[in-house]
Amino acid sequence: MRVLFLAAMYIFVVASPVLGEANFEQWVKGFKTEAIEQGISSSLVDKAFQGVAPISRVLELDRKQPESTMTFGEYRQRIVSPQRIARGREMMAQHRDLLHEVGQRYGVQPRFIVALWGIETNYGQNSGGYRIIDALATLAFDGRRSQYFRTELLNAFRILQDGHTSLTSMKSSWAGAMGQCQFMPSSFLQLAVDFDGDGRKDIWNTPADVFASAANYLAQSGWRGTQIWGRRAQLPAGFDSNQASLKISKPLLAWQKIGIRKRDGSDLPLAPLNASIVLPDGKGGPAYLVYDNYRVIMKWNRSTYFATSVGLLADALAD
Ligand SMILES: [Ca+2]
């Protein structure tokens with residue numbers, strides 16, 4: 001039975017590219033009907049799907065998760081590199097007035113806006129070269145989360161229809177994250193901002209809109225502009241690593257009492273704050289004491305690697 005089953009799978013896999021093309025055309029037909037029912041203009045949908053075919057590279061990338069094969073130490077070295085810190089400082093200086101204005105409006109310290117921007121797209125230099133319709137159609141047709149991507153594809157059409165960008169400018173990552181702050185279309189519809197007031201939320205090419213959209217995302221997710229993200233900590237000998245969990249949140253005083261200290265060995269601040277201990281590389285790796293803002297960063301990307309790196313890069317960009 002097992003052998004027969006595998007043989008059947010083999011035939012399916014070999015035959016699927018041809019089958020896939022026919023199915024894709026069918027799928028596009030069904031999607032177009034739904035989009036038009038939802039109020040997207042038929043000429044826009046027709047134009048957007050001209051020459052679209054599934055992108056095999058997108059499926060390949062969807063099936064592998066590079067981050068999980070790296071330790072946090074390796075990830076941090078790559079993501080919070082000396083080059084990225086240097087460039088970030090240049091960007092802080094170049095956009096100082098705008099960042100200040102956006103930061104004031106949304107209650108977010110500019111260094112966190114710039115850190116997210118730097119990590120997401122290397123300060124706008126690498127915001128993804130895929131045509132979003134092609135990428136999302138591929139994932140909606142054949143991905144592991146097809147319903148999610150189908151909804152995002154519909155959202156992408158809403159953004160186009162509203163005139164925020166054009167079909168040719170609407171580029172994304174392979175997974176549909178758009179522009180310099182890498183918003184999915186659903187996040188764009190909820191949280192993107194037209195900060196320069198030209199009528200378009202342009203997160204592809206307008207720094208004011210990019211910064212304000214990122215800041216608005218944080219603000220709406222509960223960011224506190226008077227607090228930091230957390231800090232590197234020193235654990236006492238014999239620390240019970242079961243205590244290192246985002247599910248466990250305790251007053252700083254409680255952590256101080258069991259011997260947690262700042263990295264340099266000095267006392268924790270006496271602020272009335274709750275904190276959690278995070279060990280991105282597990283027991284024996286670097287320890288971080290993190291506050292509520294860390295959880296906000298994890299709403300942006302649910303990865304301790306990501307959130308800790310944003311915090312560390314923001315610290316490196318502090319005045
Ligand atoms: Ca704008």
Side-chain angles (χ1 to χ4, degrees), residues 35 38-41 43-45 47-48 87-88 90-136 151-173 175-223 225 296-297 299-301 310 314 317:
Q38 298 219 6
I40 308 298
S41 92
S43 63
L44 174 60
V45 182
K47 200 172 154 208
R87 178 96 178 132
E90 283 169 28
M91 292 297 105
M92 291 283 286
Q94 188 179 321
H95 297 285
R96 185 166 303 278
D97 294 345
L98 176 60
L99 284 164
H100 179 76
E101 199 187 332
V102 170
Q104 290 288 310
R105 177 87 63 91
Y106 294 96
V108 177
Q109 305 92 315
R111 64 182 187 275
F112 288 96
I113 300 170
V114 174
L116 280 165
W117 183 38
I119 289 178
E120 286 293 359
T121 61
N122 208 16
Y123 311 106
Q125 290 179 340
N126 180 23
S127 54
Y130 288 93
R131 280 179 20 131
I132 191 169
I133 303 302
D134 306 45
L136 288 176
T151 304
E152 291 294 6
L153 184 56
L154 281 167
N155 288 334
F157 273 104
R158 291 191 179 99
I159 294 165
L160 276 170
Q161 181 141 300
D162 290 347
H164 295 295
T165 183
S166 69
L167 207 44
T168 45
S169 311
M170 198 180 191
K171 295 284 171 58
S172 73
S173 74
M178 310 181 299
Q180 297 192 25
C181 49
Q182 296 283 279
F183 276 13
M184 290 303 292
S186 53
S187 296
F188 181 101
L189 290 174
Q190 288 168 35
L191 299 161
V193 171
D194 170 25
F195 197 78
D196 72 347
D198 71 346
R200 299 186 311 129
K201 299 172 182 175
D202 177 19
I203 60 169
W204 292 267
N205 295 307
T206 304
D209 293 2
V210 174
F211 300 159
S213 297
N216 188 39
Y217 190 112
L218 294 178
Q220 299 296 326
S221 305
W223 188 265
V296 173
I297 302 171
K299 288 181 189 169
W300 183 297
N301 182 332
V310 169
L317 302 180

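Reckoned from all heavy atoms, side chains included, excluding hydrogens, waters and symmetry mates. Whatever order the structure lists ligands and atoms in, that order sets their numbers, starting from 1.
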Legend entry - Phe183/Trp300 under ring pair (Phe, Tyr, Trp, His ring centres under 6.0 Å): CA gap, chis, key distance, verdict: CA-CA 9 Å; Phe183 276 13; Trp300 183 297; 5.7 Å; yes
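The distance from the Ca ion (ligand 1) to the nearest N/O/S atom of Asp194 is under 3.0 Å.
Among the heteroatoms counted here (N, O or S) of Asp209, OD2 is the one nearest to the Ca ion (ligand 1). Asp196 contributes OD1 as its N, O or S atom closest to the Ca ion (ligand 1).
For the atom pair CD (Gln220) and CG (Leu218), the distance works out to 10.5 Å, reported to the nearest 0.5 Å.
A side chain to side chain donor-acceptor pair (under 3.5 Å) with Gln180 is found for exactly one of Tyr123, Trp117, Trp204, namely Trp117.
Remark: the Ser186 side chain and the Glu152 side chain contain an N/O donor-acceptor pair separated by less than 3.5 Å.
With the Ca ion (ligand 1) as vertex, Arg200 O and Asp198 OD1 subtend 80°, rounded to 10°.
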